[in-house]
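The first residue in the sequence is number 1, and the count goes up from there.
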Amino acid sequence: MTGSVAGKPPTRRQLAAQETRRKLLHAALENFSQRPYADVTVGDIARSAGVAHGLLSHHFNGKESLYAEAVREIDRRLRAATKIDGDGPVLERLRRHLIAHLEFLAEHEDAALNLILRRAEGTDVAWEAFEATRREGLRAICRLLGLDADEPALQLPLRGFAAACDETALLWLKSGRPYETVALVGIWISFLSGAIRAARDLAPAPALSEALEALRRP
């Protein structure tokens with residue numbers, strides 16, 4: 001834990017520790033954005049941060065934990081840039097959210113390809129970070145549509161929707177973004193409608209029909 005204690009300002013040692021941690025996280029974001037997890041070494045990150053090799057393990061308990069923290073940090077930035085606002089019809093708010101999501105991926109393409117859209121590579125801690133990111137994204141959309149994200153009949157189709165969005169975004173970026181973001185968002189909304197219809201087939205509920213109606217409104 002860093003920061004002040006009982007209202008006291010942080011000491012020089014605490015400030016130095018905070019700065020070292022910041023440098024390591026910044027270096028991790030740079031390295032993991034440029035190359036796959038397996039290709040990045042602890043030494044690479046320490047050199048980029050300009051700190052001693054052992055400080056990485058001291059502050060982050062090793063490469064795996066630092067990778068997971070890098071995933072969480074890029075996710076925090078993504079969420080801040082794509083927060084669903086409270087103004088306007090549901091469909092329009094959803095479109096704005098998804099367009100902002102794609103614009104963030106395009107503006108941070110390296111991070112998108114190697115951190116946001118890449119599945120965790122055999123690391124349990126990092127996998128949980130990816131899963132937490134996906135769950136919160138789906139919950140935000142469910143809240144917008146008035147749906148219960150914990151409904152069993154909805155969970156499986158929604159995971160299919162999320163996977164389809166990730167795969168199409170990955171292909172879109174790798175192929176040079178051949179279509180406008182609005183066009184790709186239209187595909188994603190079709191995926192979402194299909195997922196909700198599938199959930200309704202499994203367990204009919206008024207909320208699912210209402211969500212589909214909201215997605216059809218201009």
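- Glu92 contributes no side-chain N or O that, together with a main-chain N or O of Pro89, makes up a donor-acceptor pair within less than 3.5 Å.
- Nearest heavy atom pair, residue Leu154 against residue Cys142, reads CD2-SG, 4.1 Å.
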- Determine, stepwise, if the pair Glu109 / Arg177 fulfils side-chain contact (heavy atoms from CB on, under 4.5 Å). CA-CA 11 Å; Glu109 185 167 330; Arg177 305 176 219 162; 2.6 Å; yes

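- Closest non-hydrogen pair, Ala111 versus Ile74, comes out as CB-CD1, 4.1 Å.
- With hydrogens and angles ignored, the 3.5 Å screen pairs a side-chain donor or acceptor of His108 with a backbone N or O of Phe104.
- Annotation: side chain of Leu184 is not in contact with side chain of Ile99 (no heavy-atom distance under 4.5 Å).
- The number of heavy atoms from other shown groups lying within 6.0 Å of NE2 (His97) is above 12.
- Contact annotation: the side chain of Arg159 approaches that of Arg134 to within less than 4.5 Å [non-hydrogen atoms, C-beta and beyond].
- Atom-to-atom distance recorded for Leu115:CG and Asp110:CG is 10.0 Å, nearest 0.5 angstrom.
- Sequence neighbours left out, the pairs with a member in residues 135-147 that pass salt bridge (charged side-chain N to carboxylate O under 4.0 Å, His left out) are Glu128-Arg135, Glu136-Arg143, Arg139-Asp150.
- Of the possible donor and acceptor atoms, none in the side chain of Lys63 sits under 3.5 Å from a partner among the backbone N and O of Leu56.
- Here the CD1-CD1 distance, from Ile141 to Ile189, works out to 9.5 Å after rounding to the nearest 0.5 Å.
- Contact annotation: the side chain of Val42 never approaches that of Ser57 to less than 4.5 Å [non-hydrogen atoms, C-beta and beyond].
- For residues 158-191, the pairs satisfying ring pair (Phe, Tyr, Trp, His ring centres under 6.0 Å) are His101-Trp188, with sequence neighbours left out.
- The two residues Gly88 and Arg93 come nearest to each other via the heavy atoms O-CD, 3.0 Å.
- The structure places CD1 of Ile116 at 9.0 Å from OG1 of Thr133, a figure rounded to the nearest 0.5 Å.
- Using a distance-only test at 3.5 Å, with no hydrogens or angles considered, a donor-acceptor pair links the side chain of Thr168 to the main chain of Cys165.
- Expressed to the nearest 0.5 Å, how far CD1 of Ile45 lies from CG of Leu55 amounts to 13.0 Å.
- Hydrophobic clustering, with ILVMFWY side chains joined whenever heavy atoms are under 4.5 angstrom apart, groups Leu94 together with Val182.
- In this structure, CG on Asn31 lies 11.0 Å from CG on Asp39, to the nearest 0.5 angstrom.
- Taking each heavy atom of Ala169 and Leu105 in turn, the nearest pair found is CB-CD1, 3.9 Å.
- A heavy-atom distance below 4.5 Å is not found between the side chains of Leu98 and Thr82.
- Within the structure, the salt bridge (charged side-chain N to carboxylate O under 4.0 Å, His left out) test picks out the following pairs touching residues 196-215 (sequence neighbours left out): Glu213-Arg216.
- For Arg96 and Asp85, the salt-bridge test passes: some basic side-chain N is under 4.0 Å from an acidic carboxylate O.
- Nearest approach of Leu208 to Ala203, heavy atoms of both residues: CD1-O, 3.6 Å.
- Atom CG of Leu66 and atom CD of Glu73 lie 11.0 Å apart (nearest 0.5 Å).
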- Can you list the steps and then say if Leu173 with Leu117 is a side-chain contact (heavy atoms from CB on, under 4.5 Å)? CA-CA 11 Å; Leu173 290 172; Leu117 299 174; 4.0 Å; yes

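- By the 4.5 Å heavy-atom criterion applied to side chains, Glu30 and Gln34 are not counted as neighbours.
- Atom CG of Leu15 is surrounded by more than 12 heavy atoms from other residues, nucleotides or ligands within 6.0 Å.
- Between Pro157 and Ile196 the shortest side-chain heavy-atom distance does not fall below 4.5 Å.
- The 12-atom threshold is not exceeded at CD of Glu180, counting heavy atoms of other residues, nucleotides or ligands nearer than 6.0 Å.
- No chain of hydrophobic side-chain contacts below 4.5 Å, direct or via other Ile, Leu, Val, Met, Phe, Trp or Tyr residues, connects Leu202 to Leu145.
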- Task: Tell me, with the steps shown, if Glu167 and Leu171 meet side-chain contact (heavy atoms from CB on, under 4.5 Å).
- Result: CA-CA 6 Å; Glu167 287 299 315; Leu171 181 59; over 6 Å; no

- Task: Show your reasoning for whether side-chain contact (heavy atoms from CB on, under 4.5 Å) applies to Arg35 and Asn114.
- Result: CA-CA 6 Å; Arg35 290 173 291 158; Asn114 287 301; 5.9 Å; no

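- A donor-acceptor contact shorter than 3.5 Å is absent between the side chain of Asp75 and the backbone of Val71.
- Of the possible donor and acceptor atoms, none in the side chain of His59 sits under 3.5 Å from a partner among the backbone N and O of Arg21.
- Nearest heavy-atom pair across Ala70 and Leu29 is O-CD2, 3.5 Å.
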